[in-house]
Amino acid sequence: MSLEIVFVMVGTTHTGNLGAAARAMKTMGFTTMRLVDTCSHLSAEALARSSGANDVLKNAQSFDTLADAIADCRVVVGTSARARQLAVPLLACREIADEIGSLSQSLPDGEKVAMVFGQERSGLSNESLDLCTRLLRIPCNPDFSSLNLGSAVQVVSYELSQAIASVPLGAPIPMPGKWKGSTEAVDASDNSADPDDLPATSEAMGHFFDHLDRVMISTGFMNPDNPRLLRRRVRRYFEANRPTGNELAIFRGILSATEKPRNR
Ligand code: SAH
């Protein structure tokens with residue numbers, strides 16, 4: 001990552017929010033926090049709410065003014081729950097993240113971008129906003145637009161993390177039926193794949209549907225003389241979500257248990 005993202009907290013009054021902000025930042029790979037006129041960032045509550053992001057809080061630097069806190073930053077983004085009458089462009093969070101993502105390609109390593117967060121009740125003052133080059137708003141319900149401070153830091157840091165790859169995207173965690181919803185072909189060279197974690201075969205599905213039919217009839221759920229669309233609907237559902245062999249075995253087990261309930 002070439003850019004350093006600096007999270008500036010201005011006027012924060014709830015110490016727990018500083019902990020929550022530190023936690024939010026660190027989960028997304030950011031560690032630089034600066035403080036302007038805030039409550040204590042090292043209180044027991046702040047440390048507890050940081051859930052282990054103590055280092056972010058301990059390394060946070062305090063400044064007398066916002067101007068001092070952002071002096072070395074090339075881009076300064078103010079965040080606000082409300083649209084304000086301002087000369088600087090107001091953009092949605094993702095748009096700003098994308099802009100910063102592009103900048104990160106061109107700016108030399110270590111250049112700083114500030115994200116400025118305001119006081120819980122009143123937000124950023126006009127004087128603070130005057131120091132910003134951009135204004136960011138997290139799009140949300142127009143009638144209920146104010147996020148908790150820690151939540152706002154989480155959303156902003158998440159969008160930035162995606163735009164500048166501050167955290168590894170990583171391989172998706174393989175799950176049974178990992179092919180589901182994936183447009184990627186199953187790697188044919190992966191001989192280790194358990195066949196029961198693959199979509200069940202049509203033959204196995206056929207046995208399952210026969211079994212389901214039997215149970216729907218024997219329980220009186222379906223009238224075999226008048227199945228209407230039921231059989232087809234059920235079939236279509238399972239075909240659209242074709243289970244793996246392992247999952248099918250569970251469904252078959254449930255059907256068998258329905259046929260022969262064992263007394264517990
Ligand atoms: N009435 C205040 C709300 C303050 S909420 C205001 O007008 O901004 C405290 C801080 O959380 C805000 O200063 C801002 O930094 C952040 N925040 C909360 N909701 C936000 C939103 N929808 N978009 C961007 N930032 C938000």
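Worth knowing before you read on, the calculation uses all heavy atoms, side chains too, and leaves out hydrogens, waters and symmetry mates. All ligand and atom numbering here is 1-based and tracks the order in the structure.
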Transitively linked via ILVMFWY side-chain contacts under 4.5 Å: Met205 with Leu198?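 No, separate clusters.
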Among all protein non-hydrogen atoms, which one is nearest to [atom], and what is the separation to 0.1 Å?
atom	answer
atom 23 (N) of ligand 1	Ile138 N, 2.8 Å
atom 24 (C) of ligand 1	Ser80 O, 3.2 Å
atom 3 (C) of ligand 1	Ser146 OG, 3.4 Å
atom 15 (O) of ligand 1	Thr79 OG1, 2.5 Å
atom 9 (C) of ligand 1	Gln119 O, 3.4 Å
atom 12 (C) of ligand 1	Gly118 N, 4.0 Å
atom 19 (N) of ligand 1	Leu147 N, 2.9 Å
atom 22 (N) of ligand 1	Ser145 O, 2.9 Å

Parallel under 30°, tilted from 30 to 60°, perpendicular over 60°: which one fits the rings of Phe30 and Phe7?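 Ring orientation, 0 to 90° scale: tilted.
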Indicate yes or no: does Asp213 engage Arg235 in a salt bridge with an N to O separation below 4.0 Å.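 Result for this pair is no, no salt bridge flagged.
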Using modelled atom types only, decide if a donor and an acceptor are shared between the side chain of [X] and the backbone of [Y] within a distance under 3.5 Å.
X	Y	value
Gln119	Leu124	no
Glu95	Ala92	yes
Ser40	Leu42	yes

Report the part of Pro139 (side chain from C-beta onward, or backbone N, CA, C, O) that has a heavy atom under 4.0 Å from ligand 1; answer both or neither where that applies.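 The answer is neither; Pro139 stays 4.0 Å or more away.
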Should we count CZ of Arg233 as having more than 12 external heavy atoms under 6.0 Å? no
[X] neighbourhood, listing ligand 1 atoms whose heavy-atom distance to it stays under 4.0 Å:
X	answer
Cys140	22 (N)
Arg121	1 (N), 2 (C)
Arg137	23 (N), 24 (C)

Say whether Leu136, considering both its backbone and side-chain N or O atoms, lies within less than 3.5 Å of an N or O atom on ligand 1. no
Any nitrogen or oxygen of Ala152 lying under 3.5 Å from a nitrogen or oxygen in ligand 1? Just yes or no. no
Ser51 and Arg23: side chain donor to acceptor below 3.5 Å: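 Per modelled atom types, Ser51 and Arg23 side chains form a pair under 3.5 Å.
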Would you please name every residue forming a ring pair (Phe, Tyr, Trp, His ring centres under 6.0 Å) with Tyr158, sequence neighbours left out?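 Expected list: none.
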